[in-house]
Amino acid sequence: MFGTSKASRGLIVAAGAATLLLAACSSSSSSSTTSSAAASSAAATSASASSSASGSAACDVTGKKVAFVMGAESDPFFQAMKVGAAAEAQAKGMELIWQGDAKEYSPATQIPVVDQVLAQKPDALVLIPTDPKALQPSVAKAKAAGVIVANVDTKVEDLTDVTTFITGDNADGGAKAADSLAGAIGYKAGTKYKVVVGLSSETATTNVARLEGFKKAIAEKYPDIEIVDVAYSQSKPEVANTNINNWLTKYPDLNGIFAIDGTNAQGAAAALQAKGLAGKVALVGYDAYPDNVKLVKDGVITSLIAQVPADEAKQAVDAVADALCGNTAGIQKEVVIPNFTIDKNTSEADLKKYTYVA
Amino acid sequence: MATTETHSPNPAGTQVVVASSRFKTLISNQQFILLIVWILMVIGFSLINHIFFSVGVAENILLDWAPLVLIAVGELIVIISGGIDLSVGAIVGFTGVISAFAMRSLYEGSLAEQPYLVLAIGVLVCVIVGLLVGLINSLLINYAKLVPFIATLVTLGACSGMALVFTKGAPVMGGPREAIALSPAWIGPFSRPVLIVVVVVLILWAFVHKARFGRYTFAIGSNSFAARAAGINVKRHVTKVYMLSGLMAGLAGFFFYLRLGSGAPTSGLGNELDAIAAVVIGGAALTGGVGRVSGTVLGALILTTVTSGLIISGVDPQWKRVVVAALIAIAATLQALRKTEGGAS
Amino acid sequence: MSGEVLYEVRNLTKRYGAVVALDDASMKLHAGEIVGLVGDNGAGKSTLVKCLSGAHLPTSGEILLDGMERNWHSPHDAIQAGVETLYQDSGLAPHLSVSANVFLGRELVKPGILGKMGFLSQKQMDVQAHHDLEEVGIAVPASGRSVSQLSGGQRQAVAIGRAVAWASKVIILDEPTNHLGARQAGEVLNVMLEAKAKGLGVIFISHTLPHVLQVTDRVVVLRLGKVVKDAPTSEFDAESLLGTITGLKVD
């Protein structure tokens, strides 16, 4: 259950993340009412904590309460998001309420948390719905209470009552993985290359979107790369490990592996290490969990496609602040944040920024 | 009434009794059939892709076989005793992450210079946690009077839930890097951990088929009332059986740790079904009193051969489920046939 | 015929919740004596057997073996003290071999460290089981054979042979001639006479009154949990025994 929910969460995130870069530009231009808003949101996507610079809103939002309700609070992904939210709220002088079930990614546990948070009369609610249908009434309830609602990472089915939806882009993540893999294997047109893809689930939207993006980029930019096999691990690292082990035997000339999530990266990294192929077969993974980042530094994982949860949160805070000031014109209904590629050349500062908080 | 001793649970297995026909002898020899099936599979997969017939693939198969056979033999013993243990898959993941936490804190702390000592402690943690969960299973069965299916379903939920909570769903790394270094083949396709598993299975074979432990297990599964009337402490023996099953699952959890260099809360999920499949394909009866370690060993080998074979053949590995289902159906049919042919009035 | 009082129950009562299955029952068994225990269904025979064999603890009353009071906490206790019980239809483990059944619960182990670990001396048990069964007058084809492959009569013979071979004092047989043909039943009755000749006390529970009249020295009749009659077998004929069991005959 956790795997799936995480996967779908990731999917949405990834979708958002990829688009993020694009979105960053577009949102900055569109949220244009004040020039500083544009600047701040651009900064948000591309880089550093220029968050302090975001006096974006035309009015003073000091003392306003913004509440975040996420899925499983303990997930490093959400911990990273919390860092971004807290920094931006502090910069704006807003009060941050951060709530979510300690471990369970489920509407059953989330709906009561939303009720409890609304009882605290926040001015804005940033909701990461664990289910698109089940959380719809909670959004309506918040709206009825005069609370500004934003969705991050995942969304409710009907966005009418939602001011903005900010997410990552999984398809872009897949494309970035293709770029990184092609770079790592030294792609030259005319030479044939073989790669495999390890997935977790045939149905999880994250997996599907990432694979689509990957395939599309390969077809368009790297036609001499052949995806020779794909297989599914049901979120079990040992199954991913078995798949990779057998592929490494079957294709002694294998050039690269795209491991579509953390589980597959774990299984693939172990297989490469055990067979002494670490660094010889390129491995592109997903999600910047601290342990994965360590494997990048060790040269086992070639690169990681990272989502940017902190930026998603930051943009959400900016958007609700704008909405609280009535600057709705500049708020995009949907913002997609692109993913970020981490490899051994990534600066320490960026590693710090993009690694999910454990 | 005409089967041979071969598949009867009689651990003596010395005297072969009259077989009324060659056919009956053959269908009653589950191990022989399994061996033939396995050889045919190897030949078939090798014809599809000659790479299948290689040390590399054998190594891959053994890496999958070793943890499966550990939990399957544990499961076999439970099934011979007339019970069922659904918690083994969850114990694999649970012990894996608990010992990964323990090893990480030791390796990052006071024992940074002694990776092998850290790994040894890791094994110990897996063993202890596995035994404890097995003990809880037996307490639920013996004293809370839950049927084994429910009792072990309870611990399945508890173990997999706790594994997720403790890890927040993410793998636990940071233990000794020597773990993965132990995985490559050492002698032929056998890695050191796989060889240890072979030894463990041989020891279990002896205790199941040559010692009092197995005799009591068969007796309880065959007729627990008779076993109790014969003075056997049935509750105590059932406790041992479930603790042994937990122990085997704990060892499998550690084996996965060695393979992956990390513990994952999702590891082993659903493996109880693979284990039960191996046991049933190996000729054991879920009603208790019947089963052979050698059958289970071959059952597990066939399952893992199918996995690698399908991957190497380029067939969607999801087909494995269909193949396994067919094998179970055949094994169960043979079991039923033997009953009609060989059952006394 | 009768020596010392070997096994005795005094004022035994067993309640299962509100149900009184055994009500203040008393009886004695002497060495070298066969006592028939009869009664209708629900008369309390099974309950009495379970108390005598250690399967159940009585609610109140005393059980004495060799004049010493005993509290059986499990069948194991009773077996250790020399009291063997053959339960109706469930005395054997069908998947185990004949010798494994004969030696169940008291397996012979290999000498030395292997034996300490519980490794079995199977050959020795096979030979010994064959010998023991033969000695009590039972011919079973092969001790290595699985019990499920035996006929009903053969199974019963093994079960009784097992009990007689191990009993050092008392043997309790619950419906041992059930489902058996005349010839096989005759063999079972002979085994009981052999046990008696060895000086064992035998308690024979049966619905088959002719068998009871044929081999027992004394008959104890239970009705609704109470002992209603305890008299030498010679005082009964088939009709009067049946009358006592059903309560239709008044003494």
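Lettering of chains follows the sequences in order, A, B, ..., and the numbering in each one begins at 1.
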Quick one: does any side-chain atom of C:Tyr7 pair with a main-chain N or O of C:Ile203 as donor and acceptor, under 3.5 Å? no
Quick one: side chains of residues 111-118 of chain C, donor-acceptor pairs under 3.5 Å with protein atoms, not counting sequence neighbours, listed by atom name and distance.
none

Expected contact set for residues 74-81 of chain C against chain B at heavy-atom separation under 4.5 Å reads C:Ser74, C:Pro75, C:His76, C:Ile79
Working for salt bridge (Lys or Arg N to Asp or Glu O under 4.0 Å), residues C:Lys198 and C:Glu194: CA-CA 6 Å; C:Lys198 276 172 71 180; C:Glu194 293 239 355; over 6 Å; no
Please name all residues satisfying ring pair (Phe, Tyr, Trp, His ring centres under 6.0 Å) with B:Phe255, sequence neighbours left out, ordered by chain then number. none
Does B:Arg236 CZ have over 12 foreign heavy atoms under 6.0 Å away? no
Check salt bridge (charged side-chain N to carboxylate O under 4.0 Å, His left out) between C:Lys14 and all other residues, then give those that pass, not counting sequence neighbours. none
